[in-house]
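Owing to the predicted nature of the structure, the values given are computational and were not obtained by experimental measurement. Heavy atoms only: backbone and side chains are in, while hydrogens, waters and symmetry mates are out. First listed ligand is number 1; within each ligand, the first listed atom is number 1.
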Amino acid sequence: MARLAEAAERVLSRSATAALQYAPTEGVAAMRQAVAARAAETGAAVGPERVMVTGGSQQGLDLVAQTLIDEGDEVALDDPSYLGAVQVFRRAGARLLPVPTDRDGMRVDVLAERLTAGARPKAVYVVPHFHNPTGGVLSEERRRLLAGLAERYGFLVVEDDPYGDLGFGGGRLPSTDVHSGRVVRLMSLSKTLCPGLRVAGLVAPAGLIGELVAAKQSSDLQTNTFGQYLLAELLADPDFLPSHLARLRTLYGGRARATAALLRELLPWLAFEEPRGGLFFWCTVDDPRVTSDVLYERALAEGVAIVPGTPFCIEQDGSRVLRLSFATLDEEQRREGAARLATAFEKARTDAY
Ligand SMILES: Cc1ncc(COP(=O)(O)O)c(C=O)c1O
């Protein structure tokens, strides 16, 4: 917040007129450049002409769907998947082609089988690091395979990567765009800087960017100018992002480990793999009598919120899975939350008899 306040001072004293005016639909030049630089650090080199600044990655996703998908077109995606993506593709009239997913991300071998059997998705949507909700990371080998399939079958890979910088070990894999040009990258800053500004980067193939810009123009003219100036100002300091991300990884990594220990202690009926990054625990209720929907209701009554699995699931059974977030809780809140969830579980189990 202090760094944003300083950046705001500088922007207002040096560039107020431009920062408070309308700006080009594709984005302010300095922000497009910052996105292109970050894209090159984490994937293939791109020029700013292939970048559009969007109102969050959610808008990027919506514009891609509007531009690409006609009623009845197929879109392949992990099952379970990010709910916001499921909503966007459904609203665009897509037929969803759910693909199973595991710790290494989308089962690209299963996707390949479906393609061989005749499926022809226009797009394949992936969350390549610390998937929401499963926490999976699309492996290097599967990225290569997916890129090869995109080239062969002509679909577009939509790579939505808000959590890539939140690996607790610090590492991340290069974007699928190092293997294929048929990739749209959605580069959110919401999970590492501030979701409230609604400023994200989108990188698209040269042949698509014009159409995306036209779709955005008719939707909202442009992303807010002042927010773009602010973030461009912050990102212009080469030391800012690396040191900020290092702090976040240490903070969230510590919270994830502490949460895991607490869940094992207080909620032994909850099965999970410890997250390697991101913001979530994806858990299975290890008791056939309690569904995550019932637990959700019971938990709310005890004053703690969980996210039941059903809304994320397309074909998979979501009735025993749930998502927990550890990101914003301090030690006391964590313990209290877990204790309330333990009470909720006991009540749900007793009800079930
Ligand atoms: C996978 C995924 N994509 C996109 C978003 C939305 O990002 P933004 O705030 O940049 O719109 C989220 C937020 O939860 C997310 O988990």
NZ or CZ of Arg255 within 45° of Phe326 ring axis and under 6.0 Å:
no
Just do the salt bridge (charged side-chain N to carboxylate O under 4.0 Å, His left out) check on Arg349 and Glu346 with the steps written out, would you?
CA-CA 5 Å; Arg349 212 165 56 129; Glu346 281 313 317; 3.0 Å; yes
Starting at CG of Leu97, measure out to CD of Glu315 and round the result to the nearest 0.5 Å.
8.5 Å
Side-chain ion pair, Arg335 and Glu265, N-O less than 4.0 Å:
yes
Between Asp351 and Lys347, does any NZ, NE, NH1 or NH2 come within less than 4.0 Å of an OD or OE carboxylate oxygen?
no
Where on Ser57 is there a heavy atom closer than 4.0 Å to ligand 1, on the side chain, on the backbone, on both, or on neither?
both
Contact partition for Gln59 relative to ligand 1, non-hydrogen atoms under 4.0 Å
neither
Could you check whether Ser319 and Asp317, counting side-chain N and O atoms only, form a donor-acceptor pair closer than 3.5 Å?
yes
Any luck finding a side-chain donor-acceptor pair between Glu140 and His179 under 3.5 Å?
yes
of all protein heavy atoms, closest to atom 5 (C) of ligand 1 is Tyr82 OH, 3.4 Å
Shortest reach to atom 9 (O) of ligand 1 by a heavy atom, considering only Gly201, Ser81, Ser190:
Ser190
Counting heavy atoms only, which of Tyr163, Tyr125, Phe130 comes nearest to atom 16 (O) of ligand 1?
Tyr163
Compute the shortest N/O to N/O distance between Asp160 and ligand 1 and return yes if it is under 3.5 Å, no if not.
yes
Under 4.0 Å from a heavy atom of [X]: which atoms of ligand 1 are those, numbered in the order shown and with their elements?
X	result
Ser188	7 (O), 8 (P), 10 (O)
Lys191	12 (C), 13 (C), 14 (O)
Val127	1 (C)

Strictly under 4.0 Å, does any heavy atom of [X] approach an atom of ligand 1?
X	value
His131	no
Pro162	yes
Arg198	yes

Backbone of Tyr82 reached by a side-chain donor or acceptor of Asn132 within 3.5 Å
no
